[in-house]
Amino acid sequence: LFSLNIAAQSDNWETHFEKSGGVATPDYESTVTYCKALDDASEMVKYTTFGVSPQGRPLPLLIIDRKGNFTPDRVKASGNAILLLQAGIHPGEIDGKDAGLMFFRDLIIHEKLPGLLDGLTYLFIPIFSVDGHERSGPYNRINQDGPEEMGWRANALNLNLNRDYLKVDAPETIAWLKLFREWLPDFFVDFHVTDGADRLPHRGVPVLGFRDAEVGDVGVARLVQQDVARLEIPVHDPHLVSVNQRFGDPSADLRSPAVR
């Protein structure tokens, strides 16, 4: 712990996002370099990979465990819950990568919130669609407020990985399913953001105006409606409209899967 504290004091652990003033995100190589630095700095962190993309990039994975248990068998024997955190399945929505690097930096290097390491093992995929991430440019999502350059929505085979879990066409998805079967995480968090993108109401359906015929779980829909009413969220909020688009139209995800 003493050597870790010395490293935290002497090294600059600011992320690329922080150094840019919150307007830029690091490329694949810089992201992997930061992950490997976390591995080098702490025995609680292991950097590894779990597959290879169509363009030959290894799929990065960080494993964080207080006792240094970095295999599924050892973690399960320890009794820890397993939390899988995934960023960059849509590289244009990359906030989860930068937030994750900052979170684990604070947790491991700066020793903030140490209780979050108790009874929990983290698996962090900083970038899932690595090839789409590297097809970066300032105009990939022109209606989006930042970052200065963002990745492409599909992978190198023009497959949207977020529409590939059932059909499993992409090498990345095959690798992900193998990882998931090996670890069987207790919780899975997949980071998505709008980054200020505007949304328009779909088919004129009222915001959060769920209809029984269009919602699989009517009880969940009613609970959401109650929460919206309780929190007094304005019905013109674009983020709520985007929620309505997805759940108000069950065929939405079936149209143009490589483009959406």
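Numbers here simply count residues along the sequence, with the first being 1.
- Under the 4.5 Å side-chain heavy-atom criterion for Ile, Leu, Val, Met, Phe, Trp and Tyr, Leu116 and Phe187 are members of the same hydrophobic cluster.
- Panel note: side chain Asp65, backbone Met44; no donor-acceptor pair is recorded below 3.5 Å.
- Here CZ of Arg153 is found 13.0 Å from CG of Leu159. Values are rounded to the nearest 0.5 Å.
- In the hydrophobic cluster analysis, where Ile, Leu, Val, Met, Phe, Trp and Tyr join through side-chain heavy atoms closer than 4.5 angstrom, Met102 is grouped apart from Val193.
- Two residues are said to be in side-chain contact when any heavy atoms from C-beta on lie closer than 4.5 Å; Leu59 and Ile125 fail this criterion.
- Salt-bridge check for Lys167 with Asp164: passed, with a basic side-chain N closer than 4.0 Å to an acidic carboxylate O.
- Partners of Lys76 according to the salt bridge (Lys or Arg N to Asp or Glu O under 4.0 Å) rule, which considers only residues two or more places apart in sequence or in another chain, do not exist here.
- Summarising the geometry, atom OG1 belonging to Thr15 is positioned 9.5 Å from atom NZ belonging to Lys97; distances are rounded to the nearest 0.5 Å.
- Contact annotation: the side chain of Leu61 never approaches that of Phe124 to less than 4.5 Å [non-hydrogen atoms, C-beta and beyond].
- With rounding to the nearest 0.5 Å, the separation of CG in Leu123 from CD1 in Ile64 is 8.0 Å.
- Taking the side chain as every heavy atom from C-beta outward, Tyr122 and Leu107 approach each other to under 4.5 Å.
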Check against side chain to side chain contact (heavy atoms under 4.5 Å, CB included), Asp118 and Arg66: CA-CA 7 Å; Asp118 295 339; Arg66 183 191 292 278; 2.8 Å; yes

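- Side chain of Tyr34 to main chain of Trp13: a donor-acceptor pair is present (N/O by atom type, distance under 3.5 Å, no hydrogens or angles).
- The structure places CE of Met150 at 10.0 Å from CG of Asp95, a figure rounded to the nearest 0.5 Å.
- Smallest separation of non-hydrogen atoms from Ser53 and Asp131: OG-OD1, 2.8 Å.
- Nearest heavy-atom pair, Arg57 versus Val130, reported as atom, atom and distance to 0.1 Å: CB-CG2, 3.8 Å.
- The main-chain N or O of Pro26 is never found under 3.5 Å from a side-chain atom of Ser30 such that the two would form a donor-acceptor pair.
- The shortest distance between side-chain heavy atoms of Pro185 and Phe180 falls below 4.5 Å.
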Check against side chain to side chain contact (heavy atoms under 4.5 Å, CB included), Phe50 and Lys178: CA-CA 8 Å; Phe50 66 97; Lys178 184 175 184 293; over 6 Å; no

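- Residues Glu149 and Pro138 meet the side-chain proximity criterion, which asks for heavy atoms closer than 4.5 Å.
- Under a hydrophobic-cluster definition in which Ile, Leu, Val, Met, Phe, Trp and Tyr are linked whenever side-chain heavy atoms come within less than 4.5 Å, directly or via other members, Phe188 and Phe128 are assigned to the same cluster.
- Trp152 and Asn158 get closest at one heavy-atom pair: NE1-OD1, 4.4 Å.
- When atom types are taken as modelled, the side chain of Asn140 and the backbone of Arg135 share a donor-acceptor pair closer than 3.5 angstrom.
- Side-chain heavy atoms closer than 4.5 Å link hydrophobic residues (I, L, V, M, F, W, Y) into clusters, and following such links, even through other members, never connects Phe17 to Phe103.
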Test side chain to side chain contact (heavy atoms under 4.5 Å, CB included) applied to Ile94 and Phe191, step by step: CA-CA 8 Å; Ile94 204 59; Phe191 295 107; over 6 Å; no

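- Between Arg141 and Gly92 the shortest heavy-atom distance is CD-CA, 3.7 Å.
- Follow the hydrophobic side-chain contacts under 4.5 Å out from Val189 and you reach Leu62 in the same cluster.
- Within the model, atoms OG1 of Thr121 and CZ of Arg74 stand 10.5 Å from one another, a figure rounded to the nearest 0.5 Å.
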Derivation of the side chain to side chain contact (heavy atoms under 4.5 Å, CB included) call for Tyr47 and Ile63: CA-CA 6 Å; Tyr47 172 80; Ile63 307 172; over 6 Å; no

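- Every pair passing salt bridge (Lys or Arg N to Asp or Glu O under 4.0 Å) that includes a residue from residues 98-110 is listed here, sequence neighbours excluded: Glu18-Arg105.
- For the residue pair Lys67 / Ser78, no side-chain donor-acceptor distance below 3.5 Å is found, with atom types taken as modelled.
- Heavy atoms from other residues, nucleotides or ligands lying under 6.0 Å from CD1 of Ile142 number 12 at most.
- Side chains of Lys19 and Asn12 form a contact here, defined as non-hydrogen atoms less than 4.5 Å apart.
- Proximity of Val23 to Pro147: side-chain heavy atoms (C-beta onward) are nowhere separated by under 4.5 Å.
- The CG atom of Leu101 sits 13.5 Å away from the CD atom of Glu14 when rounded to the nearest 0.5 Å.
- Partner of Tyr28 under the side-chain contact (heavy atoms from CB on, under 4.5 Å) criterion, chosen from Pro60, Pro91, Pro126, Ser136: Pro60.
- The closest side-chain heavy-atom distance from Asn162 to His192 is below 4.5 Å.
- Asn80 and Asn69 share no donor-acceptor pair across their side chains, judged by distance under 3.5 Å alone.
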Check residues 81-89 and write down every donor-acceptor pair under 3.5 Å in which the side-chain atom is one partner and the other belongs to a residue at least two apart or another chain.
unit_1	atom_1	unit_2	atom_2	d
Gln86	OE1	Trp176	NE1	2.6
Gln86	NE2	Tyr165	OH	3.1
Gln86	NE2	Asp190	OD1	3.1

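- Between the side chains of Asn160 and His90, at least one donor N or O sits under 3.5 Å from an acceptor N or O.
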